[in-house]
Asks: 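Okay, handing you the structure first.
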Amino acid sequence: MNYKMIRFLLSRVLQITGILMMLPLIVAIIYKEYGCARMFFLLIMACLAVGSIGAHFKPKNVAIYAREGFVSTALTWILISMIGGLPFVLSGVTDSYVDAVFETISGFTTTGSTILTSVEMYYSVQFWRTFTHWVGGMGVLVFILAIMPMGGGYSMHLMRAESPGPSVGKIVPRVRDTAKILYLIYIGITVTQIILLMITGLNPYQAMTTTFATVGTGGFGITNSGANDFSTASQIVITIFMIMCGINFNVYYYLITLRPKEAIKSDEVKLYLALMFGSASLIAFMIYRNGVTTTPFESFHHSLFTVASVMTTTGFATLDFNQWPQLCKTLLACLMLLGACAGSTGGGFKLSRFVILIRALKNELIYIVHPKSVKKVYMDGHPIDSTVVKSVSAYLSMYVVIFIISILLISFDEFDYETNFTAVAATLNNIGPGLGMVGPTGNFSAYSDLSKIVLMFDMLAGRLELLPMLILLSPRTWAKR
């Protein structure tokens, strides 16, 4: 294990954390929140000082392997979450450090689950809360790789460990170039949504914080009533950008490089859009028939907003879908598990994995009937290597095991099954709200500290595609070889 290189990276992370906190410091000064300004200033100085000391001595040996890459990724997310939780405690938003770290992990992992009974707080702390979504949306380490060269093969292992799905990084062979392109697209989408939200009536602060939560597919609101406070026009803008950010960012690369044929080949995106609009249409019909809404337009507007929010794992809500017909809630729960596309800012199991598993199952059934047949799994018209199919199957196995163990552990709190099941589904898939006590009008504050720690692990594991967190906890990782 190259401990010196891990120390070097974590020191860089501390420096970046200090730099990121300069934005809420500026917000604190603008809104004359001088106590918060002092708090952020001291945190910035501490992060920069400690980080600079650690990063000053760069190791001579920078050639590391996948093990260090996975460990570094897991430790990075834990470290930035532990530091990022301090403003919530120091500002008095919460007295519990566990709750503060829960809120921050939920922010950086773009989950959107909350322990807060009220989200109306100091502007600067609220800005930091939503800004964590934007930072974590594309990935903390992808951001670092985009602005800082690492060398020694380090970038490749970090990108692999943090990639939100199996297809990120295919476009450009040089990892740092890939990270730059991803962030340029990400920034372009962010700026566009901020402008459109301001046109539809939001002030600059509202537009920025709402955009951070949308493009990061996190869903932290800035008012207790969430997106329901916004105009229909603003809600439509949010819906469009939630859908956009659930699409594989490779598609946008193909479009901006004038290769539309490559973009429309994506089997995953086709399934994503078909499920999105098909589910929204069915739910719109159900809630209109049951009198939840009064007009067909209102029905489709709220159903598409909700489906986009759930499927992209954003977590915004305009209506309390916990009160909708059972079929609608069941369908939403299924969409929670499936999630968005690989290579997007959305969470969930990822539709690409679902497609691969279904096609592999189909081939297995054919093989049982015709043992001499040879079938390959295809995606976007190209055959997939058998190792990819095996890794997807292994991922499903790990996912199910973590899901079951998590439900068992949080069941000690004696809450109903619907609440516990969807609490794990919401955190492991980085969705935000679940059903029951953790529905869109509820929160996770009633859970014990032990359960919150379990759910924090689930949020990190879900965002990092399971392996980094499991490798971090494995005794074999730390064994001498």
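Only this structure's heavy atoms are used, side chains among them; waters, hydrogens and symmetry mates stay out. Residues: numbered from 1 along the sequence shown.
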Asks: Do Asn429 and Met336 have side-chain heavy atoms sitting under 4.5 Å apart?
Replies: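 No, too far: nothing below the 4.5 Å cut-off.
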
Asks: Of all residues at least two apart in sequence or in a different chain, which pass the side chain to side chain donor-acceptor pair (under 3.5 Å) check with Thr295?
Replies: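 Once residues adjacent in sequence are excluded, Thr295 has no partner under the side chain to side chain donor-acceptor pair (under 3.5 Å) criterion.
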
Asks: Show the nearest heavy-atom pair for residues Ala317 and Phe305, with the distance to one decimal.
Replies: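 Result for this residue pair: N-CE2, 3.8 Å.
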
Asks: Could you go step by step and tell me if Ser96 and Thr94 meet the side-chain hydrogen bond (donor to acceptor under 3.5 Å, both in side chains) rule?
Replies: CA-CA 6 Å; Ser96 169; Thr94 177; 5.0 Å; no

Asks: What's the shortest heavy-atom distance between Ala446 and Met437, and which atoms?
Replies: CB-CE, 3.8 Å

Asks: Where do Gly112 and Ser106 come nearest, in terms of heavy atoms and distance?
Replies: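 That closest heavy-atom pairing would be N-OG, 3.0 Å.
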
Asks: Would you sort out whether Leu196 and Phe241 count as a side chain to side chain contact (heavy atoms under 4.5 Å, CB included), showing the intermediate values?
Replies: CA-CA 10 Å; Leu196 290 177; Phe241 280 85; 3.6 Å; yes

Asks: Near Asp416 CG, under 6.0 Å, is it more than 12 heavy atoms from other residues, nucleotides or ligands?
Replies: yes

Asks: Heavy atoms, side chains only, cut-off 4.5 Å: are Arg129 and Val119 in contact?
Replies: yes

Asks: With sequence neighbours left out, what residues match Asp320 under salt bridge (Lys or Arg N to Asp or Glu O under 4.0 Å)?
Replies: none

Asks: Crowded around Lys270 NZ? As in, over 12 foreign heavy atoms under 6.0 Å?
Replies: yes

Asks: What ring pair (Phe, Tyr, Trp, His ring centres under 6.0 Å) pairs are there with at least one residue in residues 439-461, not counting sequence neighbours?
Replies: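 Residue pairs with at least one partner in residues 439-461: Phe102-Phe444, Phe415-Tyr447.
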
Asks: Kindly determine whether Arg353 and Glu465 satisfy side chain to side chain contact (heavy atoms under 4.5 Å, CB included), including the steps that lead there.
Replies: CA-CA 12 Å; Arg353 290 193 178 98; Glu465 306 288 303; 2.3 Å; yes

Asks: Apply side chain to side chain donor-acceptor pair (under 3.5 Å) to Thr130 and list each qualifying residue two or more places apart in sequence or on a separate chain.
Replies: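 Once residues adjacent in sequence are excluded, Thr130 has no partner under the side chain to side chain donor-acceptor pair (under 3.5 Å) criterion.
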
Asks: Is the backbone N or O of Tyr253 less than 3.5 Å from a side-chain atom of Arg259, with the two atoms forming a donor-acceptor pair by type?
Replies: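 Absent.
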
Asks: Can you measure from CD (Glu298) to CD1 (Ile287) and round to the nearest 0.5 angstrom?
Replies: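 Glu298 atom CD to Ile287 atom CD1 measures 8.0 Å (nearest 0.5 Å).
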
Asks: Do the side chains of Thr306 and Phe316 get nearer than 4.5 Å, heavy atoms only?
Replies: no

Asks: Could you please spell out the steps behind the ring-ring contact (aromatic ring centres under 6.0 Å, His included) verdict for Phe127 and Tyr122?
Replies: CA-CA 8 Å; Phe127 183 93; Tyr122 293 111; over 10 Å; no

Asks: My understanding is that only residues two or more places apart in sequence, or in another chain, count here; which of them pass side-chain contact (heavy atoms from CB on, under 4.5 Å) with Ser279?
Replies: Val307, Leu331, Leu335

Asks: Please find the pair of heavy atoms, one from Gly436 and one from Thr419, that lie closest to each other, and give the distance.
Replies: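 Smallest interatomic distance, heavy atoms only, reads CA-OG1, 3.7 Å.
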
Asks: I'd like to know if Asp458 and Lys452 make a salt bridge, using a cut-off of under 4.0 Å between side-chain N and carboxylate O.
Replies: no

Asks: Tell me, please, which residues at least two apart from Tyr417 pass ring pair (Phe, Tyr, Trp, His ring centres under 6.0 Å).
Replies: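 Counting only residues at least two positions away or on another chain, Tyr417 forms a ring pair (Phe, Tyr, Trp, His ring centres under 6.0 Å) with Phe421.
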
Asks: Between Glu268 and Lys350, is there a side-chain N and carboxylate O pair less than 4.0 Å apart?
Replies: no

Asks: According to the interplanar angle, ranging from 0 to 90°, do the rings of Trp128 and Phe131 count as parallel (below 30°), tilted (30 to 60°) or perpendicular (above 60°)?
Replies: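 The arrangement is tilted - the two ring planes meet at 30° to 60°.
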
Asks: Could you check whether any side-chain heavy atom of Phe297 comes within less than 4.5 Å of a side-chain heavy atom of Thr232, counting everything from C-beta outward?
Replies: yes

Asks: Judged by atom type as modelled, is there a donor-acceptor pair below 3.5 Å linking the side chain of Arg359 to the main-chain atoms of Tyr378?
Replies: yes

Asks: Only pairs under 3.5 Å count here: list side-chain donor-acceptor contacts from residues 18-28, not counting sequence neighbours, and write none if there are none.
Replies:
none

Asks: Start with the C-alpha distance between Ser448 and Asp413, add both sets of side-chain angles, then the distance that settles side-chain hydrogen bond (donor to acceptor under 3.5 Å, both in side chains), and finish with yes or no.
Replies: CA-CA 7 Å; Ser448 64; Asp413 285 345; 3.1 Å; yes

Asks: With sequence neighbours excluded, give me every ring pair (Phe, Tyr, Trp, His ring centres under 6.0 Å) pair touching residues 320-343.
Replies: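 Ring pair (Phe, Tyr, Trp, His ring centres under 6.0 Å) check on residues 320-343 returns no pairs.
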
Asks: What closest approach, in Å, do Ile410 and Ser451 show between heavy atoms, and which atom pair accounts for it?
Replies: CA-OG, 3.5 Å

Asks: How many angstroms lie between atom CD1 of Ile29 and atom SG of Cys36, to the nearest 0.5 angstrom?
Replies: 11.5 Å

Asks: Once ring pair (Phe, Tyr, Trp, His ring centres under 6.0 Å) is applied, do any residues pair with Phe220, and if so which ones, sequence neighbours excluded?
Replies: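 Checked Phe220 against ring pair (Phe, Tyr, Trp, His ring centres under 6.0 Å); matches are His133.
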
Asks: Roughly how far, to the nearest 0.5 Å, is OG1 of Thr104 from CG of Asp99?
Replies: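 Those atoms lie 10.5 Å apart.
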
Asks: I need the Ser299 OG to Ile283 CD1 distance, nearest 0.5 Å.
Replies: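 If we round to the nearest 0.5 Å, Ser299:OG and Ile283:CD1 are 11.5 Å apart.
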
Asks: Are side-chain N/O atoms of Thr200 and Ser234 paired as donor and acceptor at under 3.5 Å?
Replies: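 Yes, because at least one side-chain N or O of Thr200 sits under 3.5 Å from a partner of the opposite role on Ser234.
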
Asks: Any chance CZ of Phe412 has more than 12 other-residue heavy atoms, nucleotides or ligands included, within less than 6.0 Å?
Replies: no

Asks: Using side-chain heavy atoms (C-beta onward) and a distance below 4.5 Å, is Phe249 in contact with Thr345?
Replies: yes

Asks: Decide side-chain hydrogen bond (donor to acceptor under 3.5 Å, both in side chains) for Thr114 and Glu103; before the verdict, give the C-alpha distance in whole Å, the side-chain angles of both, and the deciding distance to 0.1 Å.
Replies: CA-CA 6 Å; Thr114 183; Glu103 199 74 10; 2.7 Å; yes

Asks: Between Met121 and Leu116, is there a side-chain heavy-atom distance shorter than 4.5 Å?
Replies: yes

Asks: What's the separation between atom CD1 in Ile195 and atom OG1 in Thr211, rounded to the nearest 0.5 Å?
Replies: 10.0 Å

Asks: Decide if atom CE of Met398 counts as having more than 12 heavy atoms of other residues, nucleotides or ligands within a radius under 6.0 Å.
Replies: yes

Asks: Can you confirm if the aromatic rings of Trp134 and Tyr186 lie within a centre distance of less than 6.0 Å?
Replies: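 Yes, ring centres under 6.0 Å apart.
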
Asks: Among residues at least two apart in sequence or on other chains, which ones pass side-chain contact (heavy atoms from CB on, under 4.5 Å) with Arg289?
Replies: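 Arg289: side-chain contact (heavy atoms from CB on, under 4.5 Å) contacts with Phe285, Met286.
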
Asks: So with a 6.0 Å cut-off around CZ of Phe41, is the heavy-atom count from everything else above 12?
Replies: no

Asks: I'd like to check the ring pair (Phe, Tyr, Trp, His ring centres under 6.0 Å) partners of Phe349; sequence neighbours left out, ordered by chain and number.
Replies: Tyr395, Tyr399

Asks: Can you list the residues that meet the side chain to side chain donor-acceptor pair (under 3.5 Å) rule with Tyr205, with sequence neighbours excluded?
Replies: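 With sequence neighbours excluded, Tyr205 shows a side chain to side chain donor-acceptor pair (under 3.5 Å) to Gln126, given in chain and number order.
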
Asks: Going by atom types alone, do Thr111 and Ser113 pair a side-chain donor with an acceptor below 3.5 Å?
Replies: no

Asks: I'd like to check Met242 versus Thr217 (side-chain heavy atoms, cut-off strictly below 4.5 Å). Are they in contact?
Replies: no

Asks: Side chains of Asn248 and Ser344 only: does a donor on one sit below 3.5 Å from an acceptor on the other?
Replies: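 No, because no side-chain N or O of Asn248 sits under 3.5 Å from a partner of the opposite role on Ser344.
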
Asks: List the atom of Thr313, the atom of Gly347, and the distance in Å for their closest heavy-atom pair.
Replies: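 Heavy atoms only, the tightest pair is OG1-N, 2.8 Å.
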
Asks: Evaluate the side-chain proximity of Tyr272 to Asp267: yes if any heavy-atom separation is below 4.5 Å, no if none is.
Replies: no

Asks: Could you grab the distance from atom CD1 of Ile358 to atom CD1 of Ile356, nearest 0.5 Å is fine?
Replies: 11.5 Å

